[in-house]
Amino acid sequence: MTDAPKPVTVHDLLKMKQAGERIVVLTCYDALFARLLDASGVDILLVGDSVNQVLAGAETTLSATLEQMIYHTKIVRRGAERALVVCDMPFLTYQVSPAEAIRNCGRVMAETGCQGVKLEGGRPIADTVRALVDVGIPVMGHLGLTPQSVHALGGYRVQGRDEQTAERLKGDAQGLEEAGAFAVVLELIPAPLASQISKALTIPTIGVGAGPACDGQVLVLHDMLGLNDRFNAKFVKRYAALAQEVREAVALYAAEVREGRYPGPEHSFAK
Ligand code: KIV
């Protein structure tokens, strides 16, 4: 009998940074993939609000709802034995007031069994992060290209290229650490800036399009598997070409059904 794997905790992530061990993060939206990723040793399953684009076909993450995120986080949690599960809080569920953030994040923690929540933003939401941490809710920050602000940012573009924005991002990262965040996602920022932030912080940085110096990396699962092959970005490496495999398998099935080759006797019951 093999022992159940020891679940990853937010304290383990800090130790991993201290030991120079890279943290492996992928987005995950369902129990089936959660089981596969967990068994492959992924440390954090991030139930990203990108589910609203990737699975639900929306243009942006802005219309993701609390109910939607609770549903996906609950089913991911069912498939996760070792990995830490983090739920992305949707737009307007944490920005209005710390009290409302506590209510919504608390509901997510209680109803899904996840071990942390992720919020977008820096110093302006530091009080909210502190309030959540004070009631025992682990918080992951998210800086750089924050997709819930895509319209204010003028599109999905690299952030922190100019001195002023770079300085602001460094201050935001520091503010999140001081507020008690256990990690911070750095999305689409220049690699040298991500490196400076990673060195300055005690908590781990998780990069996506932020170069190799971050303490961990995250990608959207469906992008790196080549399942969502309409999405192309410089920072995404495709580790498989599953969309093509799906198209080929389904085309073969359709041809066999139409030609009466499926089902064969081996798939049928004689009596
Ligand atoms: O929603 C998401 O998938 C994310 C990650 C890409 C960081 O926030």
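We count ligands from 1, going down the list as the structure has it; atoms in each ligand are counted the same way. The shown structure was predicted, so the numbers you read here are calculated from the model rather than taken from an experiment.
Close approach to Leu46 involves these atoms of ligand 1, each under 4.0 Å from a residue heavy atom: 4 (C), 5 (C), 7 (C). In the vicinity of Lys118, heavy-atom distances shorter than 4.0 Å reach the ligand 1 atoms 8 (O). Residue His142 has at least one heavy-atom neighbour below 4.0 Å for each of these atoms of ligand 1: 7 (C), 8 (O). Set against the non-hydrogen atoms of Gly48, the atoms of ligand 1 under 4.0 Å away are 1 (O), 2 (C), 3 (O).
Counting protein heavy atoms only, atom 3 (O) of ligand 1 is closest to Ser50 OG, 2.5 Å. Of all protein heavy atoms, the one closest to atom 6 (C) of ligand 1 is Val220 CG2, 4.0 Å.
Within the structure, ligand 1 lacks Glu120 among the residues with a heavy atom less than 4.0 angstrom away.
In this model, no donor atom of one side chain and acceptor atom of the other lie less than 3.5 Å apart for Tyr71 and Thr112. Using a 3.5 Å distance cut-off with no hydrogens or angles, the side chains of Glu177 and Thr202 do pair a donor with an acceptor. Side-chain polar atoms of Thr61 and Asn52 form no donor-acceptor pair below 3.5 angstrom.
Contacts of Leu219 with ligand 1, taken as heavy-atom pairs under 4.0 Å, are absent altogether. At a heavy-atom cutoff of 4.0 Å, ligand 1 is contacted by the side chain of Thr27 but not by its backbone.
Looking at Lys6 and Glu81, no side-chain N of the basic residue comes within less than 4.0 Å of a carboxylate O on the acidic one, giving no salt bridge.
Not counting sequence neighbours, the partners of Ala179 by the side-chain contact (heavy atoms from CB on, under 4.5 Å) test are Ala126, Val129, Arg130.
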Under the ring-ring contact (aromatic ring centres under 6.0 Å, His included) criterion, do Phe182 and His11 qualify, and how do the steps go?
CA-CA 8 Å; Phe182 70 85; His11 299 283; 9.6 Å; no

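When the options Asp223, Val86, Val76, Leu221 are evaluated for a side chain to side chain contact (heavy atoms under 4.5 Å, CB included) with Thr27, the one that passes is Leu221.
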